[in-house]
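Each remark here refers to the structure printed beneath this line.
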Amino acid sequence: MNPFIFVIASLTTITMTMIERTFLMIKPEGVERGLIGEIIGRFERRGFKILALNLTRLSREQAERQYEEHRGKEFFNDLVSYISSAPVVTFVIEGENAIAIAREMAGATDPRQARPGTIRADYGIDVQRNVIHASDSEESARREIALHFGDLMKEDE
Ligand code: IDP
Ligand code: MG
């Protein structure tokens, strides 16, 4: 192979396989319905490493901070009350392109529009009770990991 092409091809491969971390949360109805093992198992079987995991009940303030970007929308108050109403499972996974792949595995926000085989299509009840949260970008992942697992961020420094 032409050495120039080889270098370009290698660089492309390096930039396309990014080891990332992302934040996930099994929402109250997922925990309530006994879906913790099923959902976490999907990420394990897909080859992601579980870096942190917590069964916890979010305070109203934590829920508001989690969904900060939606403040002011008509569903905000309801969403915050719902998310802080009962235990959730928060966790962080690590692996290649974790952020985009976890979003794909979660599926569209509205379970009725989610592709078959995605977590929301398989288990979602409605647009609010859609079983799982997954960070939508590198910036959200960093912010949400810091919000729920501050200690994990400190280890990296
Ligand atoms: P996402 O979870 O797919 O990123 P977002 O639009 O960021 O979707 O909304 C955050 C969460 O807010 C959703 O997962 C869902 O639980 C809730 N939500 C979004 N849109 C609506 C709505 O129109 N009605 C009620 N709840 C909603
Ligand atoms: Mg979102």
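Every value quoted in this text rests on a predicted model; they were computed, and no experiment measured them.
- Residues meeting the ring-ring contact (aromatic ring centres under 6.0 Å, His included) test with Tyr123, sequence neighbours left out: none.
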The test is side chain to side chain contact (heavy atoms under 4.5 Å, CB included); show your working for Ile132 and Ile39 and say whether it passes.
CA-CA 9 Å; Ile132 189 163; Ile39 293 172; 3.9 Å; yes

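- Between Glu68 and Arg71 a salt bridge is recorded (basic side-chain N to carboxylate O distance below 4.0 Å).
- Using a 4.5 Å heavy-atom cutoff, the side chains of Leu58 and Val88 are in contact.
- Neither side chain, Ser135 nor Arg103, offers a donor N or O lying under 3.5 Å from an acceptor on the other.
- Not a single donor-acceptor pair under 3.5 Å links the side chain of Asn54 to the backbone N or O of Thr90.
- Using a 30° and 60° split on the angle between ring planes, Phe43 and Phe91 fall in the perpendicular class, above 60°.
- For Glu69, there are no salt bridge (Lys or Arg N to Asp or Glu O under 4.0 Å) partners at least two apart in sequence or on another chain.
- In this structure, the separation between CD1 on Ile145 and CG on Asp151 is 13.0 Å, given to the nearest 0.5 Å.
- Not one N or O on the side chain of Gln66 forms a donor-acceptor pair closer than 3.5 Å with the backbone of Glu144.
- Using a 4.5 Å heavy-atom cutoff, the side chains of Leu51 and Phe149 are not in contact.
- Contact of the Leu35 side chain with the Ile119 side chain is not registered, since no non-hydrogen atoms from C-beta on lie closer than 4.5 Å.
- Side chain of Asn97 to backbone of Ala100: no donor-acceptor contact under 3.5 angstrom is found.
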Hey, mind stepping through Gln128 and Asp78 against side chain to side chain contact (heavy atoms under 4.5 Å, CB included) and telling me if it holds?
CA-CA 9 Å; Gln128 181 183 73; Asp78 228 35; 3.7 Å; yes

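- Surrounding NZ of Lys73 are more than 12 heavy atoms belonging to other residues, nucleotides or ligands, all under 6.0 Å away.
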Would Val89 and Thr56 count as a side chain to side chain contact (heavy atoms under 4.5 Å, CB included) if you check the C-alpha gap in whole Å, the side-chain angles of each, and the deciding distance to 0.1 Å?
CA-CA 6 Å; Val89 168; Thr56 182; over 6 Å; no

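- Enclosure of atom CZ in Arg112 is not indicated, since only 12 or fewer non-hydrogen atoms of other residues, nucleotides or ligands lie within 6.0 angstrom.
- His148 and Gln62 share no side-chain donor-acceptor pair at under 3.5 Å.
- Between Arg60 and Glu64 there is a salt bridge, since at least one side-chain N of the basic residue sits less than 4.0 Å from a carboxylate O of the acidic one.
- Using a 4.5 Å heavy-atom cutoff, the side chains of Glu20 and Phe48 are not in contact.
- Proximity of Ile125 to Arg33: side-chain heavy atoms (C-beta onward) are separated by under 4.5 Å at one or more points.
- Salt-bridge formation is detected for the pair Arg21/Glu94: a Lys NZ or Arg NE/NH1/NH2 atom is positioned less than 4.0 Å from an Asp or Glu carboxylate oxygen.
- In this structure, His133 and Tyr67 have side chains that are in contact, with non-hydrogen atoms separated by less than 4.5 Å.
- For Ala108 against Ala114, the heavy-atom pair with the smallest separation is N-CB, 3.7 Å.
- Looking at heavy atoms from C-beta onward, Ile83 lies in side-chain contact with Met25 at the 4.5 angstrom threshold.
- Contact annotation: the side chain of Arg120 never approaches that of Asp110 to less than 4.5 Å [non-hydrogen atoms, C-beta and beyond].
- The environment of Arg42 atom CZ is dense: over 12 non-hydrogen atoms of other residues, nucleotides or ligands sit within 6.0 angstrom.
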